[in-house]
Amino acid sequence: MQTCDYLIIGGGIVGLTIALELRRRQKEARIVVLEKEKALAQHGSGRNSGVLHAGFYYSADSLKARFTREGNARWKAFVEERGLRINRCGKLVVAKNELEVEGLRELKRRGDQNGVETYLISLEEAKKIEPRIKTTELALWSPQTATVDPQECMAAIAAECRDQGITLCLDSPYQGRRGLDILTPHEVYSTGFVINAAGLYADKVAHDFGLGLRYRILPFKGLYLYGDEPAGSLRTNIYPVPDLRNTFLGVHFTVTVDGRVKIGPTAIPAFWRENYQGLQGFNPTEALSILRDEAVLFLRNDFNFRGIALEELKKYAQPYLVAQAAALLEGVRRENYRTWGRPGIRAQLYDHQEKKLVMDFTLEGDATSLHVLNAISPAWTAAMPFAEYVVTRVEELQQGHSLSP
Ligand SMILES: Cc1cc2nc3c(=O)[nH]c(=O)nc-3n(C[C@H](O)[C@H](O)[C@H](O)COP(=O)(O)OP(=O)(O)OC[C@H]3O[C@@H](n4cnc5c(N)ncnc54)[C@H](O)[C@@H]3O)c2cc1C
């Protein structure tokens, strides 16, 4: 049996930044991170777009709004200190019609409320930033948006953890518990406090602790289609105006750290949590439960889930996906976009009591455990300040308080 003060389940960006924040506050604490895979960054934290969001999408009262702007700045400082790659290419949000222009104005309002630098600019000004852009009379310019390489960043964060005496146990899935004795196939960990940052499985772990019972994770698949235009052929990230009633940002163009262009990610309802390719990771019980939730949402059609699901499923077809993206940019040719990238799967929380998708990061906890339940985008960007928030909540719980907002 191993003993530790804090045991974190899940070695994604959320788990690792929480571990680092615990270490910053408690120099002597024994901190262990359990990661089920043999290598880090196998799920969301290694398969995302790598966009450091600026923070203008989110309503001012949300945790997303509270942490994204600072998270963006903290990542920039981190990658610069360590000489990691970053593309400070910014982002243009474009409007296809008059209705979407109102959406641009709403994003500008949210940006202003969240203290995020954004500019509503004319078509002429937008064309100076990206000559190929298609928009109506206005676009929204976000100079602070940037892209990093998530795998490179995860390796640097993991190295930092190891340097700071945090124990990262790979190939160590959480399998259950007896009180605060946490079971893995090779070891039992006796711990003082558990932090659940298990991404796609965070709901299952929380349920084991009798928490988060009104929630289940619904997986949404993000496909990417790479272009073969030469590096530099697109100068900035190009996004559409999103439907702010759901958490997805719509198919867009991302410019990677090395100047390549990719279209995506989609948000296709997936049928099991690690439904990356073929039948890989298939679990019939899990698939049945997810299908049941998706069927309920499809039939009830709250927040237009039926429309979203049918629209997203069409994006499995490359020509359709390219055609959607071509609405944002001149000169997008089907033959230039043929290579699928590594898909990612979003761990979207579903509230099955209220029958709705949860929009913000969500925490549940008690005196011995805290569960991070909805670490959806932009949790990558927000990770560092969000970890500070989580650790403060841990300290409060340990002092016998309940979770404060
Ligand atoms: C397609 C896509 C694009 C995205 N793009 C962006 C973006 O551009 N910018 C942005 O800010 N955010 C983006 N996001 C969101 C971002 O990637 C996530 O918010 C973030 O990675 C969540 O981190 P995490 O640590 O919670 O999850 P994960 O990275 O999934 O980490 C959870 C870890 O827990 C492990 N685990 C699970 N179960 C167990 C168990 N039983 N025992 C032990 N370990 C376990 C998993 O193996 C995994 O490594 C995107 C997400 C996706 C899917």
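In listed order, ligands and their atoms are each counted from 1.
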Distance filter under 4.0 Å to [X] heavy atoms, resulting ligand 1 atoms:
{"X": "Glu37", "result": "47 (O)"}
{"X": "Pro173", "result": "42 (N), 43 (C)"}
{"X": "His43", "result": "30 (O), 46 (C), 47 (O), 48 (C)"}
{"X": "Pro378", "result": "10 (C), 11 (O), 12 (N)"}
{"X": "Gly50", "result": "8 (O)"}
{"X": "Tyr174", "result": "40 (C), 41 (N), 42 (N), 43 (C)"}
{"X": "His53", "result": "7 (C), 8 (O), 9 (N), 10 (C), 11 (O)"}
{"X": "Ala197", "result": "32 (C), 34 (O)"}

Subject >> Lys76-Gln144 side chain donor-acceptor pair, cut-off 3.5 Å >> reply: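 Yes - a donor-acceptor pair under 3.5 Å links their side chains.
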Donor-acceptor check, side chain of [X] to backbone of [Y], threshold 3.5 angstrom: yes or no?
{"X": "Ser369", "Y": "Gly365", "result": "no"}
{"X": "Arg23", "Y": "Gln26", "result": "yes"}
{"X": "Asn237", "Y": "Gly90", "result": "yes"}

Closest non-hydrogen protein atom to [atom], residue and atom name please, with distance?
{"atom": "atom 22 (C) of ligand 1", "result": "Ala375 O, 3.4 Å"}
{"atom": "atom 49 (O) of ligand 1", "result": "Glu35 OE1, 2.6 Å"}
{"atom": "atom 8 (O) of ligand 1", "result": "Val51 N, 3.0 Å"}
{"atom": "atom 28 (P) of ligand 1", "result": "Ser45 OG, 3.7 Å"}
{"atom": "atom 43 (C) of ligand 1", "result": "Lys36 N, 3.3 Å"}
{"atom": "atom 52 (C) of ligand 1", "result": "Arg346 CG, 4.0 Å"}
{"atom": "atom 10 (C) of ligand 1", "result": "Trp380 CB, 3.4 Å"}
{"atom": "atom 11 (O) of ligand 1", "result": "Thr381 OG1, 2.7 Å"}

Check whether any N or O atom of [X], backbone or side chain, sits under 3.5 Å from an N or O atom of ligand 1, and answer yes or no.
{"X": "Gly344", "result": "no"}
{"X": "Ile9", "result": "no"}
{"X": "Ser49", "result": "yes"}
{"X": "Val14", "result": "yes"}

**OP:** Show your working on salt bridge (Lys or Arg N to Asp or Glu O under 4.0 Å) between Asp302 and Arg300 and close with a plain yes or no.
**Re:** CA-CA 6 Å; Asp302 296 335; Arg300 288 174 54 103; 2.9 Å; yes
Subject >> Candidate pair Arg393 and Glu396, rule salt bridge (Lys or Arg N to Asp or Glu O under 4.0 Å), full reasoning >> reply: CA-CA 5 Å; Arg393 303 288 85 75; Glu396 288 171 357; 3.0 Å; yes
Ligand 1 versus [X]: contacting region, heavy-atom distance under 4.0 Å:
{"X": "Ile376", "result": "backbone"}
{"X": "Tyr224", "result": "side chain"}
{"X": "Gln42", "result": "neither"}
{"X": "Val372", "result": "neither"}

Original post:
Considering Ile345, Thr17, Asn48, which one's heavy-atom position lies nearest to atom 53 (C) of ligand 1?
Top reply: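 Closest candidate by heavy-atom distance is Ile345.
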Establish, for the pair [X] and [Y], whether the NZ or CZ atom is under 6.0 angstrom from the six-membered ring centre and no further than 45 degrees off its axis.
{"X": "Arg346", "Y": "Phe220", "answer": "no"}
{"X": "Lys356", "Y": "Tyr350", "answer": "no"}
{"X": "Lys315", "Y": "Tyr320", "answer": "no"}
{"X": "Arg333", "Y": "Tyr337", "answer": "no"}
{"X": "Arg110", "Y": "Tyr57", "answer": "no"}

Original post:
Does Leu200 have a heavy atom less than 4.0 Å from any atom of ligand 1?
Top reply: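 No.
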Roughly how far, to the nearest 0.5 Å, is the [atom2] atom of [Y] from the [atom1] atom of [X]?
{"X": "Thr368", "Y": "Arg177", "atom1": "OG1", "atom2": "CZ", "value": "6.5 Å"}
{"X": "Arg66", "Y": "Asn114", "atom1": "CZ", "atom2": "CG", "value": "12.0 Å"}
{"X": "Tyr276", "Y": "Arg47", "atom1": "OH", "atom2": "CZ", "value": "4.5 Å"}

**OP:** List the steps, then state whether side-chain hydrogen bond (donor to acceptor under 3.5 Å, both in side chains) holds for Gln318 with Tyr316.
**Re:** CA-CA 6 Å; Gln318 288 189 358; Tyr316 271 118; over 6 Å; no
